[in-house]
Amino acid sequence: RATAVVALWSRVVDRPGIYNAWQVLAYEEQRQLSVRLGYWHLWTTLAQPYGLHHYYDMTDPEQRDIAKEVVKWAVRESLKAKANAKKAGVTTTQGQLLNLHGNGFPITIPEDDKMWSMLENGYQTLEFDFQPSAAQVAAWQAEAAFRIQVHWRALVAGRRAREVAATQLAQARMSAVHDEQQARPHAPPTAPPLSRAGSMARRVSS
């Protein structure tokens with residue numbers, strides 16, 4: 001898939017659609033494309049970090065500059081979310097950088113104005129997932145609901161098909177039994193057996 005993306009990259013007219021397609025790729029494919037297409041070119045094309053997986057080699061100046069932009073983007077979003085939460089009377093908010101790892105190890109750093117200085121001086125690699133936007137969450141929820149509906153309808157249709165098949169099979173068996181009974185020759189009627197008293201009376205009369 002990565003090779004196909006590289007081959008078709010310059011022919012894609014729907015640049016916003018690349019952002020949606022990028023999320024479908026595996027992390028390893030994203031890293032391959034970042035190297036083959038260029039980190040800065042890729043970042044300017046995607047133009048937003050929401051809902052994406054990020055990996056940066058801090059020893060590479062190009063990746064370092066992009067990491068700085070993304071981290072500061074996250075800090076702005078976090079400070080804005082904290083301000084809105086404070087107005088609403090909420091004391092806790094979720095950060096923007098999820099599953100944050102430095103040098104391959106999980107780390108916890110407050111998302112404030114000092115965050116980038118702590119990251120750039122202490123780590124050679126950064127890896128994290130950027131919090132999805134509200135629009136992305138709504139789209140994912142709608143897609144999940146649609147898939148559940150499709151799956152449920154398939155289950156209902158399958159159950160109804162099995163019920164119809166079972167009913168048809170039962171009717172076919174009943175019809176076969178009826179036809180078999182109709183095809184049997186009818187035996188002539190026989191007199192009911194005489195009781196013991198009846199037999200003795202017949203003997204006396206004879």
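- Taken from NE2 in H101 to OH in Y55, the straight-line distance is 11.5 Å, to the nearest 0.5 Å.
- For S175 (side chain) and Q171 (main-chain N/O), no donor-acceptor pair under 3.5 Å exists by modelled atom type.
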Go through it in stages, so that I can follow the logic: the residues are N103 and Y123, the test is side chain to side chain contact (heavy atoms under 4.5 Å, CB included), and I'd like the CA-CA distance, side-chain angles, deciding distance and then a yes or no.
CA-CA 6 Å; N103 297 340; Y123 302 96; 3.7 Å; yes

Show me the donor-acceptor pairs, under 3.5 Å and distance only, between side chains in residues 104-113 and residues at least two apart or in other chains.
unit_1: E111; atom_1: OE1; unit_2: S78; atom_2: OG; d: 2.2
unit_1: E111; atom_1: OE1; unit_2: Q96; atom_2: N; d: 2.9
unit_1: E111; atom_1: OE2; unit_2: Q96; atom_2: N; d: 3.1
unit_1: E111; atom_1: OE2; unit_2: L97; atom_2: N; d: 2.9
unit_1: D112; atom_1: OD1; unit_2: K114; atom_2: N; d: 3.1
unit_1: D112; atom_1: OD1; unit_2: M115; atom_2: N; d: 3.4

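- Remark: L42 CG to R36 CZ distance equals 13.0 Å, nearest 0.5 Å.
- Residue V5 is not grouped with residue L8 when hydrophobic side chains (ILVMFWY) are merged at heavy-atom distances under 4.5 angstrom, including chains of intermediate members.
- V35 and L25 fall within the same hydrophobic cluster, defined by Ile, Leu, Val, Met, Phe, Trp and Tyr side-chain heavy atoms under 4.5 Å apart, directly or through other members.
- Around atom NZ of K68, no more than 12 heavy atoms belonging to other residues, nucleotides or ligands sit under 6.0 Å away.
- With a 6.0 Å radius and a threshold of 12 heavy atoms from other residues, nucleotides or ligands, Q124 has its CD atom at or below the threshold.
- Going from atom CG of L46 over to atom NE2 of H41 covers 9.5 Å, rounded to the nearest 0.5 Å.
- For the pair R64 and Y56, the cation does not sit on the ring face, since its NZ or CZ is not both under 6.0 Å from the ring centre and inside 45° of the axis.
- A side-chain hydrogen bond (donor to acceptor under 3.5 Å, both in side chains) with H53 is found for exactly one of Q30, R31, E127, namely E127.
- In this structure, I66 is not a member of the same hydrophobic cluster as Y27, with clusters built from ILVMFWY side-chain heavy atoms closer than 4.5 Å.
- With E29 contributing its side chain and A26 its backbone, the two residues share a donor-acceptor pair below 3.5 Å.
- Rounding to the nearest 0.5 angstrom, the gap separating the CG atom in L37 from the OH atom in Y39 is 11.0 Å.
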Could you walk me through whether L52 and D129 pass the side chain to side chain contact (heavy atoms under 4.5 Å, CB included) check?
CA-CA 6 Å; L52 300 181; D129 299 307; over 6 Å; no

Please walk me through it: do Y19 and Y50 pass side chain to side chain contact (heavy atoms under 4.5 Å, CB included)?
CA-CA 10 Å; Y19 174 77; Y50 301 106; 3.5 Å; yes

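- A pairwise comparison of heavy atoms in P49 and F130 identifies O-CB, 3.1 Å as the closest pair.
- I18 and W40 end up in the same hydrophobic cluster when Ile, Leu, Val, Met, Phe, Trp and Tyr side chains are linked at under 4.5 Å.
- A donor-acceptor contact under 3.5 angstrom links the side chains of Q131 and Q94, judged on distance only.
- The cluster map of Ile, Leu, Val, Met, Phe, Trp and Tyr, joined by side-chain heavy atoms under 4.5 Å apart, puts V75 and L98 in different clusters.
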Go through the steps to decide whether W43 and V70 satisfy the test side chain to side chain contact (heavy atoms under 4.5 Å, CB included), and finish with yes or no.
CA-CA 10 Å; W43 167 243; V70 174; 3.9 Å; yes

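- If you take CG on L100 and CG on L126, they are separated by 6.5 Å, rounding to the nearest 0.5 Å.
- Note that CG of D65 and CE of M58 are 10.0 Å apart. Values are rounded to the nearest 0.5 Å.
- Remark: T59 engages D57 in a side-chain hydrogen bond (donor to acceptor under 3.5 Å, both in side chains) (not counting sequence neighbours).
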